Amino acid sequence: MPPAFKSSSSAPLLRVENLSLGFKANGKVTPVTEGVTFEVRPGEVFGLVGESGCGKTVTCLGLLRLLPKVGSAVLSGQAMFEGKDLLHMSDEDLRSVRGAEIAMIFQEPSAAMNPLLPIRSQLLMPFKHHPYNGDPEVRVTKLLRRVGFADPELVLKSYPHELSGGMLQRVMIAHALLLHPKLLLADEPTTALDVTVQAQILELLAEMQRESGLSVVLITHNLNLVAQYASRVAVMYAGRVVEEAPVADFLDNAKHPYSQGLLEALPRLDEAAHVPKPIPGSVPSADKYPSGCRFRDRCPYAFDRCTVVPQWTEISPGHRVACHLFPHPSPSPLPSPSVAMEREGGKGVR
Ligand code: SF4
């Protein structure tokens, strides 16, 4: 049985508002994400989903300002964490937040770890920079056991190249949890792990949530993981959030054609007749985003109005979508592509 994560409805721990991010080269800024807005409440698991290249990882790196500095990454918007704006606080203040209050599990553990230092030095390093009440060695050893290492001492003596990808991922998870953060940005945290270790890791996160109210942003393209563990979900496409909803509502009643495509692409064991359908095409690169709705080159419902950026419509409490098929507060069910095209006198863009 999946671990019981509690849900929460209190004031947000993190409120991201209109986060836009771009990269500057040759005097020109290429926008990568635009107007990203979402919130994470205390003690909840919030899913951030979408195909590779949709902007999920870069959004979280942007929140912690872990992107290339001067002359390259350009950030705007607001990210309020416990009343402090992460995007505008001083470097020194941000350093005290990183690792201690907000931690991140990086997608590429082998790239995130220092190849020249043994694991012990790397796991003890955060304690040198942040106050901690307790014995760091005890904490490190306990967490290594919790992420599935029967012999923590052997791991502590090792260098990163001596561990497998799955072992490094578990070390990185332990590293992120060392200082009891309030918020964990978990970027594909269990991708390299087998299912039993995956369950163990998720049980550990659930336990930390129950004990200390840990909130998790679960960045993944695995909707099954979101279905099991998250309470709310936001879908990103080509640098924008296109739908946000409570997870149960999203699974039963996804509205955005991209969200529906993601769900249609899932294999289903409960429906023998279901044939997974891939979404045609791929996410455009940031310098080739189409104008208006960025999904329009792949959307079977695209019509004339889709050349304009769609605004948000609230479908039901907590469920919002940015798509021209839902321009009214009480939208009708999603029409078939031909109906949508007829209604606008348009034709699909494909
Ligand atoms: Fe975008 Fe238009 Fe398709 Fe909606 S119908 S997803 S606005 S292209």
Side-chain angles (χ1 to χ4, degrees), residues 18-22 30-38 47-56 58-59 219-221 223 226 232-247 249-266 276-350:
N18 275 323
L19 175 70
S20 296
L21 197 158
T30 303
V32 175
T33 67
E34 189 182 82
V36 173
T37 297
F38 63 86
L48 197 55
V49 302
E51 289 162 283
S52 297
C54 281
K56 312 180 297 292
V58 84
T59 295
I219 305 160
T220 182
H221 54 256
L223 281 171
V226 167
R232 293 184 306 118
V233 62
V235 180
M236 282 193 79
Y237 184 78
R240 289 182 185 147
V241 176
V242 296
E243 183 159 11
E244 183 184 333
V247 166
D249 194 9
F250 176 78
L251 294 173
D252 286 347
N253 198 22
K255 293 294 186 192
H256 196 281
Y258 178 61
S259 310
Q260 294 186 335
L262 289 178
L263 291 167
E264 283 287 308
L266 283 180
K277 270 199 283 179
I279 304 173
S282 55
V283 184
S285 59
D287 56 343
K288 296 199 172 71
Y289 287 157
S291 59
C293 174
R294 291 179 177 169
F295 188 55
R296 70 189 172 90
D297 289 347
R298 303 173 74 189
C299 178
Y301 304 96
F303 56 104
D304 288 356
R305 206 189 308 158
C306 303
T307 52
V308 176
V309 179
Q311 300 302 306
W312 286 106
T313 296
E314 179 123 24
I315 301 290
S316 55
H319 188 165
R320 61 186 187 126
V321 63
C323 170
H324 287 300
L325 295 173
F326 302 97
H328 305 297
S330 309
S332 52
L334 199 61
S336 70
S338 56
V339 172
M341 287 188 276
E342 234 171 66
R343 196 171 60 186
E344 289 296 317
K347 53 178 191 262
V349 290
R350 286 185 302 132

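As a basis for the values below, the full set of heavy atoms in this structure was taken, side chains included, without hydrogen atoms, waters or symmetry mates. First listed ligand is number 1; within each ligand, the first listed atom is number 1. Only a predicted model underlies this, so the values are computations on that prediction, with no experimental measurement involved.
For atom 2 (Fe) of ligand 1, the set of nearby N, O or S atoms under 2.8 Å includes none belonging to Cys323. For atom 3 (Fe) of ligand 1, the N/O/S atoms of Cys306 include none lying under 2.8 Å.
Within the 3.5 Å criterion, the main-chain N or O of Leu263 finds no donor-acceptor partner in the side chain of Lys277. Put simply, the side chain of Arg296 gets close to the backbone of Ser291: a donor and an acceptor are under 3.5 Å apart. A donor-acceptor pair under 3.5 Å is absent between the side-chain atoms of His319 and the main chain of Phe250, judged by distance alone. Side-chain N or O atoms of Ser259 include none that pairs as donor or acceptor with a backbone N or O of Lys255 at under 3.5 Å.
Pairing each heavy atom of Val32 with each of Tyr289, the nearest pair is O-OH, 3.1 Å.
Of all atoms in ligand 1, numbered sequentially from 1 with element shown, those under 4.0 Å from a heavy atom of Cys293 are 1 (Fe), 6 (S), 7 (S), 8 (S). Each of the atoms 5 (S) of ligand 1 lies under 4.0 Å from some heavy atom of Leu325. The atoms of ligand 1 that sit less than 4.0 Å from any heavy atom of Pro257 are 6 (S). Every atom of ligand 1 with a heavy atom of His256 under 4.0 Å away is listed here by number and element: 6 (S).
With respect to atom 3 (Fe) of ligand 1, the closest heavy atom belonging to the protein is Cys299 SG, 2.4 Å. Remark: minimum distance from atom 7 (S) of ligand 1 to any protein heavy atom is reached at His324 N, 3.3 Å.
At a threshold of 4.5 Å between non-hydrogen side-chain atoms, the residues Gln260 and Tyr301 count as touching.
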